[in-house]
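Start at 1 and go down the list; that is how both ligands and their atoms are numbered. Keep in mind that what you see is a predicted model, and the values were worked out from it rather than measured.
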Amino acid sequence: MRKINEECGVFGIIDDSLQPCVHIAATALLALQHRGQEGAGIAYFADPDERDSIACRKNVGLVSEIFDREYLETAPHTKVACGHVRYSTTGGNTVENTQPIVTHHSRLTFAVCHNGNITNADELRSYMVNERGAVFYTTNDTEIISKIIIDRIIKTGSLEQSVIDLIKTLKGAFSLVIMTKDKLIAARDPNGFRPLSIGKLGTSTVVASETCAFDSIGATYVRDVEPGEVCVFPLGGKSKSFHIEKGKRSLCVFELIYFARPDSFIDGMSVYKARLEMGRALARQCPTEADIVCGVPESGFDAAYGYSMQSGLPYGMAFVRNRYVGRSFILPTQKGRTRAVGLKLNPLRASIEGKRVILVDDSIVRGTTCAKIIRSLRDAGAKEVHMRISSPPFIAPCYFGTDIDSKENLIANKYSVDEICRQIGADSLVYLDINELTAIKRGRDIEYCTGCFTNNSPIDVSRARKKDKFD
Ligand code: SF4
């Protein structure tokens with residue numbers, strides 16, 4: 001099914017003694033694989049005393065394909081490593097554009113991993129080329145970050161100050177992990193668009209895009225990196241934290257709706273519980289007579305369960321998923337993607353035949369796959385299909401690290417809810433109200449970016465790059 005895709009996931013680890021950091025990083029990246037399936041990489045210092053001993057293995061493909069058993073068995077124990085999984089929304093899907101981005105410079109050798117989207121990337125790239133004489137080897141934003149760090153290091157002589165200057169220079173969404181031979185740095189943009197958490201694994205400090213990565217390696221969650229915070233973890237020293245001026249708090253609400261794994265906690269909130277609450281709110285918003293509540297696999301499961309709890313209607317399965325069909329969003333044509341839905345999801349006739357079905361999903365992007373799913377339920381004998389969406393209509397582009405940016409692709413941008421309902425062939429269609437969505441914070445000191453639902457971006461995007469990947 002055509003979904004909105006997250007850009008990336010990042011991970012880092014540092015310890016005063018030698019540890020199987022590469023192995024641990026690969027395990028963590030597997031847990032973050034949902035954030036990007038186009039490429040992955042891990043960088044580490046093979047000799048902790050040698051700054052030029054940095055090694056980096058990265059490629060296009062899945063974590064399990066790039067880091068096979070043979071590689072992991074022979075990888076050296078190290079004191080520091082960082083890793084990345086990539087979904088490309090900027091730059092082509094080539095090995096050069098995969099991360100970490102490693103920089104060898106006479107002043108510093110380091111690696112950078114980035115999740116998000118820099119909205120002033122074009123401006124900064126031109127400045128670095130024309131004013132600072134930088135030469136770029138990739139088309140991704142992360143190399144801009146590396147070039148600015150080097151530029152600032154030459155000026156200030158301090159890595160910490162360079163990263164602080166960098167955070168003040170970049171605009172947009174960025175959660176960063178930066179590694180040198182004796183330091184790990186984690187930094188988050190002043191608005192906190194993308195998540196970034198700190199954990200402990202024995203004596204090691206770990207950082208990751210999502211806390212599910214900590215669970216996968218047996219680490220415990222310590223805290224989130226705050227918006228506008230630069231955390232420095234040095235070998236053999238105390239960690240330091242620098243706070244840049246905060247912007248308007250703007251956690252991407254789509255992390256809670258769909259991107260993040262339900263077993264993660266973001267800024268103190270359980271993603272699973274947030275989704276249950278969205279389902280509950282949907283049920284309260286528009287009580288509907290029905291026989292069964294089902295989720296579209298797997299993005300609609302948690303909200304459907306919440307809907308069922310709130311409404312008292314039984315929760316059931318509407319589809320069986322074929323786990324061995326590739327992800328349909330990588331198919332190049334709309335026709336191919338539409339056909340793949342039938343391959344992936346088969347209606348469970350025994351569960352829905354003769355029933356009035358409440359079908360819950362997280363969003364409708366183009367509507368074509370949704371229509372096909374509803375038709376397949378009817379063909380399998382469903383008496384009624386009431387579509388419930390655990391987010392408001394998706395009407396605007398995102399400039400902060402997701403892959404949908406053309407309004408023409410968004411069905412809710414062209415048609416009313418009633419018209420969409422008719423087009424997808426549902427008996428009724430209800431989207432979650434924006435106020436109900438933002439109310440899930442329940443007293444927490446947090447605000448969300450809701451730009452793709454309101455067309456109101458929390459920061460100026462007038463100079464942001466327009467992308468055309470899915471136009
Ligand atoms: S515009 Fe939408 S997808 Fe993009 S950061 Fe904001 S809430 Fe997330």
As an exercise, identify every atom of ligand 1 less than 4.0 angstrom from a heavy atom of [X].
X: Phe400; value: 5 (S)
X: Arg194; value: 5 (S)
X: Cys252; value: 3 (S), 5 (S), 7 (S), 8 (Fe)

Checking the side chain of [X] only, and the main-chain atoms of [Y] only, is there a donor and an acceptor separated by less than 3.5 Å?
X: Arg86; Y: Asn97; result: yes
X: Lys171; Y: Asn120; result: no
X: Asp362; Y: Ser390; result: no

The side chain to side chain contact (heavy atoms under 4.5 Å, CB included) partners of Asp267 (sequence neighbours excluded) come to Arg188, Asp224, Arg249, Leu251, Ile446
Sorted by chain and number, sequence neighbours left out, side chain to side chain contact (heavy atoms under 4.5 Å, CB included) with Ser270 holds for Phe265, Tyr272, Lys273
- prompt: Within the stated cut-off of 2.8 Å, is an N/O/S atom of Cys452 closer than that to atom 8 (Fe) of ligand 1?
  reply: no
request  = Output yes if Cys398 passes the N/O/S-under-2.8 Å test against atom 6 (Fe) of ligand 1; output no otherwise.
outcome  = no
